[in-house]
Engineer: 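First, the structure itself, so that you have it in front of you.
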Amino acid sequence: MEGFPRASGMTPARRWLASLWPFVRSELPAAPARVLEIGCGPFGGFVPGLLHGGYDAIGIDRNAPEAPTYRRTDFEQYEPPEPVDAIVASRSLHHVGDLEGVVGQAAEALRPGGVMIVLEWAWERFDADTAHWCFARIDPRRAGLAAETEARLGGFG
């Protein structure tokens, strides 16, 4: 994934993001669209890759990196200064208390015709069977990616 260290220097979480990047990128509007990531985590999630790709990106997470392209808060407390073209939520929505409220808030943050990309599961319960199911639905042509990702990560769980 552009904007990230090479695989040998990647943590399992970053390798995971790199494996999902082709799907996320394929669903985004063209750069320089404004993209908000809900739950970018302490390493910045997709934001570095988005910025590298020419997107106007911001990551929202109470544990986000301290940098101008991040806001260290929960999405529920964040008010975007203007509508965004796309929202990405990867492995973050299972942490919210009021899912319906957060999805409604996300919908309000999108410009008309905007896109919300959700990749969601409980990471702590993610296993090989779940990976095969997930990747087959993300892109049936990439169903074999689960085995490849499991090999790269040294197993799930």
Engineer: Check Val115 against Leu110 and note the closest heavy-atom contact, atom names and distance.
Structural biologist: O-CD2, 3.5 Å

Engineer: Between Asp61 and Asn63, is there a donor-acceptor pair closer than 3.5 Å when you use the side chain of the first and the backbone of the second?
Structural biologist: yes

Engineer: So, are Arg111 and Asp85 salt-bridged, with charged N and O less than 4.0 Å apart?
Structural biologist: yes

Engineer: Nearest heavy-atom pair of Tyr78 and Pro81: which atoms, and what distance?
Structural biologist: OH-CD, 3.5 Å

Engineer: Is there a side chain to side chain contact (heavy atoms under 4.5 Å, CB included) between Ile117 and Phe23? Walk through the geometry before answering.
Structural biologist: CA-CA 9 Å; Ile117 303 164; Phe23 171 76; 4.0 Å; yes

Engineer: Between Leu28 and Val88, is any pair of side-chain heavy atoms under 4.5 Å apart?
Structural biologist: yes

Engineer: Give me the atom names and distance for the closest heavy-atom approach of Gly41 to Pro65.
Structural biologist: O-CD, 3.5 Å

Engineer: Would you mind reporting whether Tyr70 and Ile60 have side-chain heavy atoms less than 4.5 Å apart?
Structural biologist: no

Engineer: Begin with the C-alpha distance, continue with both residues' side-chain angles, and end with the deciding distance and a verdict on side chain to side chain contact (heavy atoms under 4.5 Å, CB included) for Ser90 and Leu20.
Structural biologist: CA-CA 9 Å; Ser90 176; Leu20 294 175; 4.1 Å; yes

Engineer: Check whether any side-chain heavy atom of Thr69 sits under 4.5 Å from a side-chain heavy atom of Val47, and report yes or no.
Structural biologist: yes

Engineer: Return yes if some donor-acceptor pair links the side-chain N/O of Gln105 with the main-chain N/O of Phe75 below 3.5 Å, else return no.
Structural biologist: yes

Engineer: Nearest heavy-atom pair of Glu37 and Gly44: which atoms, and what distance?
Structural biologist: OE1-O, 3.8 Å

Engineer: Within the side chain of Arg62, is there an N or O that forms a donor-acceptor pair under 3.5 Å with the backbone of Asp74?
Structural biologist: no

Engineer: Measuring only between side-chain heavy atoms, which start at C-beta, is Val35 closer than 4.5 Å to Ile87?
Structural biologist: no

Engineer: Starting at CG of Leu50, measure out to CG of Leu36 and round the result to the nearest 0.5 Å.
Structural biologist: 10.5 Å

Engineer: Is there side-chain contact between Phe46 and Cys40, with heavy atoms separated by less than 4.5 Å?
Structural biologist: no

Engineer: Please check if any side-chain donor atom of Arg25 sits under 3.5 Å from a side-chain acceptor atom of Tyr55, or the reverse.
Structural biologist: yes

Engineer: Could you give the distance from CZ (Arg72) to CD (Gln77), rounded to the nearest 0.5 Å?
Structural biologist: 15.0 Å

